[in-house]
Amino acid sequence: MSTDSKPEPVENPEEQLLALLPALRGYARSLASDAATADDLVQETVLKAWSNLGQYRPGTNMRAWLFTIQRNTFFSLVKKRRREVEDVDGEMAARLEQKPQQDAAMEMRDFKRAFATLPMEQREVMTLIAAGVQYDEAAEICGCAIGTVKSRLNRARARLAEMLDEDPSEPSEPEKSGGNCVAA
Amino acid sequence: MPVAGGTPARDRAVSDIKRRQIDRAMKMAFEETLNEPLPDDLARLVDALKKKERGE
């Protein structure tokens, strides 16, 4: 490859940003939980990051930088939308905080459904780790301690295990009236 | 009595097998997202940014 003694040449930041777009989408899904809001979020994040690329220090972790921007953008969007819509039907709140849904089999659809019921903090940590982000990096992105990341991850796994282990043949009480459906 | 910063017993209850299953499912779900085609809005944005990068 390179005859130079230096490591691989660093892609330019613009290329790096665009290459990380799928990962941004994956992370956005964990924050927003519905695909349309997640894609809005990615769009905002890309625009914001693009116009602030001058602040990115080449050689540092572009993914962590972008994920942090996306996280901050998410909370700004939530605030903005709450003001605009005043959340009349609690729609946004419902999107952000889905009620636990009883489902059992370890199939992808069931998994996604169960995953969507987790609190946002747990969804995001699970997604970051699935994306290959290290604990310390995840802690930096989420603005919390490494122990908190691990604890959220453990709680998420425990909750998913509980939900996915439940027997689907036994309808639970809250579901009989047809509770909140989660868009997987 | 729970200790601050400690791991509650409930958190330790997930078996290694279950944990691996969950982690594998999570990874698959994430990778599924990576392989999804970009929605039109985002694809247009990416095109526009690429053009801008090339100075077009």
Side-chain angles (χ1 to χ4, degrees), chain A residues 12-15 17-18 20-30 35-36 38-40 42-44 46-47 49-51 53 106-112 114-116 123 125-132 145 147-148 150-165 184, chain B:
Chain A
N12 74 44
E14 287 85 357
E15 280 173 12
L17 192 163
L18 295 176
L20 283 164
L21 215 137
L24 276 174
R25 286 187 82 203
Y27 180 41
R29 292 273 174 93
S30 74
D39 284 335
D40 287 351
V42 175
Q43 198 159 338
E44 288 275 332
V46 170
L47 285 170
W50 191 272
S51 58
L53 268 178
M106 196 58 163
E107 290 170 2
M108 191 49 70
R109 197 182 59 187
D110 295 323
F111 177 82
K112 284 182 179 175
F115 178 76
R123 289 199 308 265
V125 165
M126 282 211 75
T127 304
L128 290 171
I129 300 305
T148 307
K150 290 181 180 172
S151 164
R152 285 176 185 170
L153 191 62
N154 285 336
R155 289 204 181 100
R157 286 174 178 146
R159 205 160 158 200
L160 285 170
E162 265 172 36
M163 281 188 277
L164 296 166
D165 274 343
Chain B
M1 188 175 152
V3 179
T7 309
R10 190 172 65 106
D11 293 356
R12 293 193 299 267
V14 184
S15 72
D16 280 352
I17 294 173
K18 198 66 178 173
R19 186 175 57 76
R20 276 197 293 271
Q21 279 181 329
I22 288 169
D23 288 353
R24 195 163 48 237
M26 185 61 226
K27 206 165 170 50
M28 281 169 65
F30 182 77
E31 282 168 1
E32 225 174 65
T33 316
L34 298 187
N35 295 325
E36 279 178 21
L38 291 182
D40 288 348
D41 283 359
L42 268 179
R44 273 197 297 273
L45 174 66
V46 170
D47 281 347
L49 293 176
K50 280 181 176 168
K51 279 182 184 168
K52 201 171 172 185
E53 192 194 345
R54 291 194 297 261
E56 289 174 29

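So that the names make sense, note that chain A is the first sequence line, chain B the second, and so on, each numbered from 1. Every value quoted in this text rests on a predicted model; they were computed, and no experiment measured them.
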Quiz item: Is there a donor-acceptor contact under 3.5 Å linking the side chains of A:Arg152 and A:Thr148?
Solution: no

So, the part of B:Glu32 with a heavy atom under 4.5 Å from chain A: the answer is side chain

Separation between CD1 (B:Ile22) and CE (A:Met163), nearest 0.5 Å, reads 9.0 Å

Interface check, chain B: of A:Ile129, A:Leu17, A:Asp39, most non-hydrogen pairs under 4.5 Å belong to A:Asp39

If one checks every heavy atom of A:Leu160 against chain B at 4.5 Å, the contacting part turns out to be both

When the 4.5 angstrom heavy-atom criterion is applied to A:Leu153 and chain B, the contacting part is neither

From the list A:Gly147, A:Ala23, A:Ala156, the residue making the most non-hydrogen contacts under 4.5 Å with chain B is A:Ala23

SB check B:Lys27 B:Asp23 (cutoff 4.0 Å):
no

Among B:Leu45, B:Val46, B:Leu38, B:Leu42, the residue with the most heavy-atom pairs under 4.5 Å to chain A is B:Leu42

Hits for salt bridge (Lys or Arg N to Asp or Glu O under 4.0 Å) against B:Arg44, two or more places apart or cross-chain, chain-then-number order -> B:Asp41

Requested in this report: Walk me through it: do A:Leu18 and A:Trp50 pass the test side chain to side chain contact (heavy atoms under 4.5 Å, CB included)?
Outcome: CA-CA 9 Å; A:Leu18 295 176; A:Trp50 191 272; 4.2 Å; yes

